[in-house]
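Input: a single structure, listed below in structure tokens.
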Amino acid sequence: QVQLVESGGGLVQPGGSLRLSCTVSGSDFTIYGMGWYRQAPGKQRTLVAAITREGRINYGDSMKGQFTISRDNSMNTVYLQMNSLKPEDTAVYSCNGHFTTRGGLRYLEVWGQGTLVTVSS
């Protein structure tokens, strides 16, 4: 009932900026929280930023200031603004969401396919 699709990844030069988008589609669901995670090859996936249904924002370690998470008024799209990018920011960035469906009778976690961000000159 719920699907997440990311967009905006690609190649960016060091010091550059990039804006990722994650769009939620489906029916009969309520969003409880959305977040962005990243995973570099051979490394563990880590939290970049997350936002709850109430608008409370949490950032992963060392993420605040460089990354900014936001959502549109419909709450069906979440963004990740990435600034001052460094080569070590290269990773697959994935959108994650927590939802209830079927009138709140079911809880589920959904992941997007991920979008590759490569920071290189």
Side-chain angles (χ1 to χ4, degrees):
Q1 290 184 316
V2 184
Q3 184 180 19
L4 305 180
V5 179
E6 302 102 330
S7 63
L11 177 65
V12 62
Q13 293 184 342
S17 299
L18 207 61
R19 185 178 178 90
L20 306 181
S21 299
C22 176
T23 300
V24 183
S25 63
S27 62
D28 191 26
F29 66 88
T30 299
I31 302 174
Y32 276 75
M34 301 286 294
W36 287 96
Y37 292 76
R38 71 180 186 182
Q39 185 173 25
K43 296 186 178 180
Q44 186 176 356
R45 183 169 58 196
T46 59
L47 171 69
V48 179
I51 184 169
T52 70
R53 61 177 177 175
E54 298 86 6
R56 184 173 65 255
I57 297 175
N58 295 309
Y59 289 96
D61 294 342
S62 303
M63 299 298 174
K64 185 182 298 184
Q66 183 183 0
F67 300 90
T68 303
I69 191 171
S70 62
R71 68 203 314 176
D72 63 10
N73 291 332
S74 70
M75 295 188 292
N76 287 335
T77 302
V78 63
Y79 307 94
L80 182 68
Q81 179 67 46
M82 306 183 293
N83 298 321
S84 302
L85 288 169
K86 306 177 292 293
E88 49 264 43
D89 295 318
T90 296
V92 174
Y93 287 73
S94 300
C95 181
N96 167 270
H98 293 261
F99 309 87
T100 59
T101 63
R102 304 184 185 276
L105 298 179
R106 184 180 181 185
Y107 179 85
L108 70 156
E109 180 183 36
V110 181
W111 288 89
Q113 292 181 284
T115 182
L116 176 63
V117 174
T118 302
V119 185
S120 176
S121 60

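Positions are given from 1 along the sequence.
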- Given side-chain contact (heavy atoms from CB on, under 4.5 Å), test Arg38 with Thr46 step by step and report yes or no. CA-CA 6 Å; Arg38 71 180 186 182; Thr46 59; 3.9 Å; yes
Measure the spacing between [atom1] of [X] and [atom2] of [Y] and express it to the nearest 0.5 Å.
| X | Y | atom1 | atom2 | answer |
| --- | --- | --- | --- | --- |
| Phe29 | Thr100 | CZ | OG1 | 10.0 Å |
| Leu18 | Thr115 | CG | OG1 | 8.0 Å |
| Tyr79 | Thr23 | OH | OG1 | 7.0 Å |
| Thr68 | Ile51 | OG1 | CD1 | 11.0 Å |
| Arg71 | Leu80 | CZ | CG | 13.5 Å |

So do the side chains of [X] and [Y] get within less than 4.5 Å of each other, counting heavy atoms only?
| X | Y | value |
| --- | --- | --- |
| Leu20 | Met82 | yes |
| Leu11 | Ser120 | yes |
| Tyr37 | Arg45 | yes |
| Asn58 | Ile69 | no |
| Trp36 | Cys95 | yes |
| Leu4 | Met34 | yes |
| Gln1 | Arg106 | no |
| Met63 | Leu47 | no |

For Arg19, is there any backbone N or O sitting under 3.5 Å from a side-chain donor or acceptor partner on Gln81? no
Among side-chain atoms of Asp28 and Thr101, is any donor-acceptor pair under 3.5 angstrom?
no
List the atom of [X], the atom of [Y], and the distance in Å for their closest heavy-atom pair.
| X | Y | value |
| --- | --- | --- |
| Asn96 | Glu109 | ND2-OE2, 2.9 Å |
| Leu116 | Val92 | CD1-CG2, 4.0 Å |
| Ser84 | Ser17 | N-OG, 4.3 Å |
| Ala91 | Ala40 | CB-N, 3.8 Å |
| Gln66 | Leu85 | NE2-CA, 3.9 Å |

Just checking [X]: does its [atom1] atom have more than 12 heavy atoms from other residues, nucleotides or ligands closer to it than 6.0 angstrom?
| X | atom1 | answer |
| --- | --- | --- |
| Gln13 | CD | no |
| Lys64 | NZ | no |
| Arg102 | CZ | no |
| Gln113 | CD | no |

Item to complete: Starting from the C-alpha separation in whole Å, work towards a yes-or-no answer on side-chain contact (heavy atoms from CB on, under 4.5 Å) for Asn76 and Ile31.
Response: CA-CA 8 Å; Asn76 287 335; Ile31 302 174; 3.6 Å; yes
| request: On the 0 to 90° scale, with breaks at 30° and 60°, tag the Phe67-Tyr93 ring pair as parallel, tilted or perpendicular. | output: tilted
Test Glu88 against Val119 for side-chain contact (heavy atoms from CB on, under 4.5 Å), laying out the working first. CA-CA 8 Å; Glu88 49 264 43; Val119 185; over 6 Å; no
